[in-house]
There are 2 protein chains.
Amino acid sequence: MTPTARPARQRLAPEVRRRQVLDAAVAVFSEQGFHGASMDDVAARAGLSKPMVYAHGGSKDELFAACLHREAERLLRSVEAAATEDTSNDPQTRLWLGLRAFFHALTTRRAGWTVLYRQASTGEFAGEIDALRGRIVAQAAALMAEGLGMPQEAVRPYAHTLVGAAEGLADWWLTGPAPVTGDDAADVLAGMLMSAAWPGLDALRSGRVWTPPQDQRGRTGPERGIGSSSPVSPED
Amino acid sequence: MTPTARPARQRLAPEVRRRQVLDAAVAVFSEQGFHGASMDDVAARAGLSKPMVYAHGGSKDELFAACLHREAERLLRSVEAAATEDTSNDPQTRLWLGLRAFFHALTTRRAGWTVLYRQASTGEFAGEIDALRGRIVAQAAALMAEGLGMPQEAVRPYAHTLVGAAEGLADWWLTGPAPVTGDDAADVLAGMLMSAAWPGLDALRSGRVWTPPQDQRGRTGPERGIGSSSPVSPED
DNA sequence: AATCCAATCTACCGATGCGTAAAGTAGGGC
DNA sequence: GCCCTACTTTACGCATCGGTAGATTGGATT
């Protein structure tokens, strides 16, 4: 019936094969998500058979974890290198350089970014993903602490905020109707984020906080529409 | 062997049953994610048998979509109500009220927020989830456009940024080591975000943008560690 | 050129989980 | 009290998919 075992395509060094598998896995996982992607998909994308994927990439969990780690490591290295390579810059500029490296990684390695950021934080890899994102937040916190002259613990919530803002802006760039074009998109995006975020961070340093008008204080917000008011919600 | 069919628990109106099923589904999906949760889990959580879950909730896909829509509708309604209920407020205050309602929904209905925001944007529900998040961004854009006196299209990227920042801050609050305590957490979180974001947005209105130091312009950033991975992957 | 090893393929197994069918039971309106 | 129907339990069909076994072949070495 079927000829058994077609010619083996080529004999390649294990490192090359492993990188092929990892590249394919990143691409497939970024497009379909962890659960949506099958190992057959990865094999097909890599141009290999499934046993080779298992030989070089391990189980599906191990393979996904390897994708996560490789891409996170790349992103962290590039941001760190950008922020620290020229210590003559002032901290604010270094923060901008770090952000630019972040967006540069996003725009040039979209699949890797997607694997890291658009995956579910619920489910089996929640801890893994949160830990990796935490390292990125920590790096942002270090830059901000230096730039603002504040202790890291004080800026930590704002580091989360800044990273979230970067992710949101990236979302706009990736899905927007008329994204910024050109090779210097990272420059533009980093500038936009600095423009939107820096004045607030700077105000934070001097202790100025936003306060609501007096007549709004103490009001507990709208109860209607949130807390189980209607006995039955007849939506649809 | 012994299909003894234990007592039917109770005869309830279809709407009540449907809400039970939806509540259970939101809880289970938020804890385990779409793929991690099984329909048996939903049935167990609802205290019902699996056929009843299918009778009232439809297929797993339909059930998840219904969860998404109900929670998104609630969130949108509460934010809109908060921002528009008192038109005597100035736009900036209305933005703060909207943010506070957002965080109020987060802190009081954590499961619903998780279903909406911590699910994968890759995979089969990507379009659905992105559309719902887009409506939230549109609402933020409307508030910001009014508050800043700018056209909606101009503030759209910053609306994405603000929503991402809110999500990042929420992440910190949910997973942080020492989250803000008390019932007025939403007040505190909204205040933190306004403090961090408003000065930048205000600067935006007056056209002031952040610019890098002159000697950094035009540098293309670190190529090392980011660029082109491999010449291989000869797919398609 | 003959040989051997490892790389590769095809084909398969078993588990998981969605969705449904069959059969029995009880609440509640008449 | 009777019947209808909502509800329960149990079991199963079927598809998908992770993971593996055995057959097969390329290519470096001698």
Side-chain angles (χ1 to χ4, degrees), chain A residues 1-22 24-25 28-29 31-67 120 122-125 232, chain B residues 1-21 24-25 28-29 31-67 120 122-125 232-235:
Chain A
M1 343 206 152
T2 40
T4 49
R6 272 222 318 256
R9 306 189 183 236
Q10 208 174 0
R11 291 170 75 98
L12 290 179
E15 311 89 42
V16 180
R17 281 285 187 235
R18 172 169 174 82
R19 201 166 72 148
Q20 277 185 8
V21 171
L22 263 184
V28 172
F29 284 140
E31 288 168 12
Q32 316 197 32
F34 176 73
H35 289 283
S38 71
M39 293 299 267
D40 293 276
D41 292 337
V42 176
R45 176 68 67 104
L48 290 174
S49 61
K50 199 158 55 150
M52 293 316 295
V53 174
Y54 278 92
H56 293 286
S59 71
K60 191 184 185 186
D61 284 19
E62 291 166 348
L63 181 59
F64 186 68
C67 291
T122 48
E124 39 189 331
F125 286 100
V232 174
Chain B
M1 275 310 205
T2 45
T4 46
R6 277 227 305 267
R9 312 193 178 233
Q10 208 174 359
R11 291 168 78 98
L12 291 179
E15 304 88 28
V16 180
R17 281 284 187 236
R18 173 170 172 82
R19 199 167 75 147
Q20 278 184 8
V21 170
V28 171
F29 284 140
E31 288 169 10
Q32 316 198 34
F34 176 74
H35 290 282
S38 71
M39 292 299 266
D40 294 274
D41 293 338
V42 176
R45 177 67 67 104
L48 290 173
S49 60
K50 197 159 57 151
M52 292 317 294
V53 173
Y54 278 92
H56 289 103
S59 71
K60 192 184 184 184
D61 283 19
E62 292 168 345
L63 182 58
F64 186 68
C67 291
T122 48
E124 40 189 331
F125 288 99
V232 286
S233 56
E235 69 278 8

Worksheet, complete the sentence: Here the distance between atom C1' of D:dC17 and atom CZ of A:F34, to the nearest Å, is 12 Å

Discussion item. It should be established whether B:H56 places a side-chain nitrogen or oxygen under 4.0 Å from OP1 or OP2 of nucleotide D:dA6.
Written reply: no

Worksheet entry | Atom-to-atom span, CE of B:M39 to P of D:dC12 - whole angstrom | 22 Å

Worksheet item: Hey, what do you get for CZ (B:R45) to CD (B:E31), rounding to the nearest 0.5 Å?
Response: 4.5 Å

Worksheet item: If you check every side-chain atom of A:P51, which of D:dT9, C:dC9, D:dG18 has the closest atom?
Response: C:dC9

Worksheet item: How would you label the contact of B:M52 with the nucleic acid (heavy atoms, under 4.0 Å): base, sugar-phosphate, or nothing?
Response: base

Discussion item. What is the separation between atom CD on B:Q20 and atom P on D:dA6, rounded to the nearest whole Å?
Written reply: 16 Å

Worksheet item: Atom CG of A:D41 and atom P of D:dG18: how far apart are they, to the nearest Å?
Response: 8 Å

Worksheet item: Atom CZ of B:R17 to atom P of D:dT5: distance rounded to whole Å?
Response: 18 Å

Worksheet entry | Residue pair A:E124, A:H35: steps toward the side-chain contact (heavy atoms from CB on, under 4.5 Å) verdict | CA-CA 11 Å; A:E124 39 189 331; A:H35 289 283; 3.3 Å; yes

Discussion item. Given C:dG17, D:dG19, C:dG19, identify the nucleotide with an atom nearest to the side chain of B:K60.
Written reply: C:dG19

Worksheet item: Of all the nucleotides listed (D:dG19, C:dC18, D:dT8), which has the minimum atom distance to the side chain of A:K50?
Response: D:dG19

Worksheet item: How would you label the contact of A:A43 with the nucleic acid (heavy atoms, under 4.0 Å): base, sugar-phosphate, or nothing?
Response: nothing

Worksheet entry | Out of D:dT9, C:dC18, D:dC17, whichever nucleotide has its closest atom nearest the side chain of B:S49 | D:dT9

Item to complete: Can you tell me the distance, in whole Å, between the CD atom of A:E124 and the C1' atom of C:dT16?
Response: 13 Å

Worksheet item: B:D40 has an atom CG; how far is it from atom P of C:dG17, in whole Å?
Response: 9 Å

Discussion item. Parallel, tilted or perpendicular, judged at 30° and 60°: which one describes the rings of A:F64 and A:F34?
Written reply: tilted

Discussion item. Side chains of B:R17 and B:L48, heavy atoms from C-beta outward: is any pair under 4.5 Å?
Written reply: yes

Fill in: Value in whole Å for how far the P atom of D:dG19 lies from CG of A:D61
7 Å

Worksheet entry | Beyond-backbone contact of A:E62 with A:Y54, side-chain heavy atoms, under 4.5 angstrom | no

